[in-house]
Amino acid sequence: SNGCYAAFDTFLCAAPGYDPGAGEEGDACYAIQACKPGLICVSGVQVGDCIDDSCCTPVCDLGLGGVGNPACSGDKECVPWWDADPPVGYEDVGACTLPP
């Protein structure tokens with residue numbers, strides 16, 4: 001089954017490409033499809049408990065709040081995926097990262 005993955009200024013559907021036993025929250029990632037569906041590959045310093053250059057973290061709904069968002073664990077909060085001008089229909093897309 002396909003997952004939705006962030007690619008430049010939009011999301012696209014693609015076959016997951018994570019290695020066996022990998023692709024979970026906090027796991028290292030090397031490409032947009034290297035995380036299981038529902039997770040997104042971000043810079044490791046944004047995840048906190050990641051020792052790699054990039055790690056998987058959950059996608060979240062900004063409409064459910066930043067701090068205390070149900071998708072985010074630990075010290076992470078839901079922060080906007082796009083810096084400015086998100087594509088129409090994606091205004092509430094965020095990623096669970098440490099506070100900016």
Do [X] and [Y] have side chains that get closer than 4.5 Å, going by heavy atoms?
X: D52; Y: D27; value: no
X: E25; Y: P58; value: yes
X: T57; Y: I40; value: yes
X: L39; Y: V59; value: no
X: L98; Y: K76; value: yes

> Does atom CG of D61 have more than 12 heavy-atom neighbours, drawn from other residues, nucleotides or ligands, at distances under 6.0 Å?
Replying inline: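 Yes.
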>> Tell me if the CG atom of D92 is crowded by more than 12 foreign heavy atoms within 6.0 Å.
In response: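 Above 12, so yes.
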>> Regarding E77 and T97, do their side chains bring together a donor and an acceptor under 3.5 Å, going by distance alone?
In response: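 Absent: no donor and acceptor within the cut-off.
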If you look at every heavy atom in [X] and [Y], which pair is closest and at what distance?
X: Y18; Y: P37; result: CE2-CD, 4.4 Å
X: W81; Y: A95; result: CE3-CB, 3.8 Å
X: C29; Y: V42; result: SG-N, 4.3 Å
X: A14; Y: Q33; result: CB-CG, 3.9 Å
X: G17; Y: Y30; result: O-OH, 2.8 Å

> Is the distance between the SG atoms of C78 and C96 less than 2.5 Å?
Replying inline: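 With an SG-SG separation of 2.5 Å or more, C78 and C96 do not form a disulfide.
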> Is the gap between the SG atoms of C35 and C56 under 2.5 Å?
Replying inline: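 Cysteines C35 and C56 qualify as a disulfide pair, their SG atoms being under 2.5 Å apart.
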> Is a donor on one side and an acceptor on the other found under 3.5 Å between the side chain of E91 and the backbone of G89?
Replying inline: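 Flag set: sc E91 to bb G89 pair under 3.5 Å.
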>> The criterion is ring pair (Phe, Tyr, Trp, His ring centres under 6.0 Å); which residues satisfy it with Y90, sequence neighbours excluded?
In response: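 Y90 satisfies ring pair (Phe, Tyr, Trp, His ring centres under 6.0 Å) with F11, W82 once adjacent residues are dropped.
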